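Notes to accompany the following structure.
Reckoned from all heavy atoms, side chains included, excluding hydrogens, waters and symmetry mates. Values in this document were obtained by computation on a predicted structure and should not be read as measured data.
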Amino acid sequence: MRASWRPSASEEVIRLRASLLQDIRAFLDRRGVLEVETPLMSSAATTDPNLASFSTRFRKQSLYLNTSPEYCMKRMLAEQRVAIYQICKSFRADELGPMHNPEFTLLEWYQPGYDMHDLMSELADLVLMLFDGHGPGPVAIKRCRYAELFLELAGLNPHRTTADICRSCAVAHGIRQPVGLSENVDEWLDWLLVELIVPSFPNDSLTFIYDFPESQAALARCYRTPAGELVAARFEMFAGQVELANGFDELLDVNEQRRRFERENLARIGRGLEPSVIDENLLRALEHGLPDCSGVAVGLDRLLMVLTGAESIDQVLAFSFESV
């Protein structure tokens, strides 16, 4: 057994992480994306009911560790209006397991003038370059609409479904219902995505899912498809069955963003959680005007897991959570 004071990751993995960071910076520098640095602490917390922020205090002020650098980066983007990226630590207070650690490393970047399809292409270029330089990687890239996958593999339209229909689908496919799963349709869709849809993704492919249900937009813009469905202009990227990235066309409407934050706080209260402090600085930046843009966050620890074949995130962290 490895002594508790020793690093969790091997020297080879530590060196691979360093090389990976160098290659990411070189790639984005060639694309003219400016590296920036923003605070890890904020006076506001995430309102997302599925996330929990770490809290701390400075003198008499309550502060929160960022679940991502998104809000400050958008504030910077509203003023500078140039392509920017950041590699930083982010924190989520309720996540620990083989694929999750409370402290993790994110790459996040924003491209003015891009839509989500442009950003998917750039992200694919980056990931394929990293795999080409550091190990065998995907041989195919697939892009699939969220609804198309559910219609093909689950036999339901996720934009016009109910919790009962999702439950029947789970039963028909032998998928267990986890304890505590509510009647919320999005929770059921997330469960079917994890248990039924994602396992179908080929191990040798990068798979992009896009056009999520409008109810899962959060900070994404929404639009109507040619079929008339209102969807979120949002995507996720998977390497095999491992989710690596989440991106979207950024919402520009400050009033709609405020309404969403308020709805999320109501959802938190409905789950017995405390409502979160809304980030008024972000809303002021949106009111000033965010350029038409798309952004994406990439989990670099998980990317290292895929590159090394690691089964647990502890194997690619310098120190596991149990040893800090």
Side-chain angles (χ1 to χ4, degrees), residues 16-46 48 51 53-54 63-93 95 100-114 116 118-127 129-130 218-220 234-237 243-252 257 279 281-286 288 290-304 313 316-318:
L16 176 59
R17 180 183 286 267
S19 180
L20 193 75
L21 296 178
Q22 290 174 346
D23 289 345
I24 290 170
R25 287 187 164 99
F27 175 92
L28 291 170
D29 181 62
R30 289 193 299 270
R31 301 277 176 129
V33 187
L34 177 69
E35 183 172 12
V36 300
E37 184 177 273
T38 60
L40 297 181
M41 292 190 298
S42 173
S43 58
T46 179
D48 189 331
L51 299 178
S53 301
F54 282 102
L63 295 168
Y64 305 90
L65 294 180
N66 289 334
T67 56
S68 87
E70 180 171 3
Y71 292 3
C72 278
M73 291 185 75
K74 285 182 178 177
R75 289 166 57 188
M76 185 176 289
L77 190 61
E79 178 69 15
Q80 304 295 336
R81 311 181 84 79
V82 296
I84 56 175
Y85 81 94
Q86 182 168 190
I87 298 171
C88 68
K89 292 292 186 180
S90 294
F91 306 86
R92 296 180 184 177
E95 298 186 357
H100 298 89
N101 197 65
E103 176 184 346
F104 57 99
T105 304
L106 271 184
L107 160 66
E108 188 146 338
W109 87 88
Y110 294 85
Q111 281 282 18
Y114 277 34
M116 66 175 175
D118 298 324
L119 198 53
M120 280 189 264
S121 296
E122 186 163 70
L123 176 58
D125 288 345
L126 169 63
V127 173
M129 181 272 293
L130 294 173
L219 292 102
R234 175 185 156 209
F235 69 87
E236 291 183 353
M237 183 192 73
E243 180 192 346
L244 294 182
N246 180 38
F248 38 84
D249 292 348
E250 302 296 339
L251 180 64
L252 308 181
Q257 188 62 74
D279 194 326
N281 282 323
L282 172 62
L283 294 176
R284 280 190 281 270
L286 291 177
H288 172 76
L290 194 68
D292 203 17
C293 63
S294 291
V296 64
V298 185
L300 295 187
D301 305 309
R302 287 192 184 181
L303 180 57
L304 270 169
I313 197 169
V316 299
L317 299 175

Note, [X] side chain near [Y] side chain (heavy atom, < 4.5 Å):
| X | Y | value |
| --- | --- | --- |
| Leu119 | Trp109 | yes |
| Cys88 | Leu40 | yes |
| Phe27 | Glu122 | yes |
| Ser42 | Cys72 | no |
| Ile24 | Leu300 | yes |
| Leu21 | Leu107 | no |
| Leu286 | Leu252 | no |
| Tyr110 | Met73 | yes |

So, using side chain to side chain contact (heavy atoms under 4.5 Å, CB included) as the criterion, who are the partners of [X] when residues are at least two apart?
| X | answer |
| --- | --- |
| Ala218 | Glu264 |
| Leu51 | Thr46, Asp48, Thr67, Arg92, Glu95 |
| Pro102 | Phe54, Leu96, Phe321 |
| Ala245 | Leu123, Met237, Val296, Val298 |

Quiz prompt | Phe91/Asn66 under side chain to side chain contact (heavy atoms under 4.5 Å, CB included): CA gap, chis, key distance, verdict | solution = CA-CA 6 Å; Phe91 306 86; Asn66 289 334; 5.7 Å; no
Could you measure the distance from the [atom1] atom of [X] to the [atom2] atom of [Y]? Nearest 0.5 Å is fine.
| X | Y | atom1 | atom2 | result |
| --- | --- | --- | --- | --- |
| Met116 | Met120 | CE | CE | 5.0 Å |
| Leu126 | Leu303 | CG | CG | 8.0 Å |
| Ser90 | Glu70 | OG | CD | 10.5 Å |
| Leu290 | Gln257 | CG | CD | 10.0 Å |

Nearest non-hydrogen partners of [X] and [Y], listed with the distance:
| X | Y | value |
| --- | --- | --- |
| Pro291 | Ala78 | CD-CA, 4.2 Å |
| Cys293 | Pro112 | CB-CA, 3.6 Å |
| Arg31 | Asp125 | NH2-OD2, 3.3 Å |
| Tyr71 | Asp279 | CD2-OD2, 3.3 Å |
| Tyr64 | Ser43 | CE1-O, 3.6 Å |

Residues in side chain to side chain donor-acceptor pair (under 3.5 Å) with [X], at least two apart?
| X | value |
| --- | --- |
| Ser294 | Asp249 |
| Gln86 | Thr38 |
| Arg284 | Asn281 |
| Asp118 | none |

Tell me every residue that passes salt bridge (Lys or Arg N to Asp or Glu O under 4.0 Å) with [X], counting only those two or more places apart in sequence or in another chain.
| X | result |
| --- | --- |
| Glu250 | Lys74 |
| Glu35 | Arg25 |
| Asp23 | none |

Practice problem: List the steps and the verdict of side chain to side chain contact (heavy atoms under 4.5 Å, CB included) for Ile87 and Leu106. | Solution: CA-CA 6 Å; Ile87 298 171; Leu106 271 184; over 6 Å; no
Quiz prompt | Derivation of the side chain to side chain contact (heavy atoms under 4.5 Å, CB included) call for Lys89 and Thr105 | solution = CA-CA 5 Å; Lys89 292 292 186 180; Thr105 304; 3.2 Å; yes
Quiz prompt | Within residues 295-304 or reaching into it, pairs that qualify as salt bridge (Lys or Arg N to Asp or Glu O under 4.0 Å) - sequence neighbours excluded | solution = Arg17-Asp301
Exercise. Return yes if some donor-acceptor pair links the side-chain N/O of Asn101 with the main-chain N/O of Phe104 below 3.5 Å, else return no.
Key: no
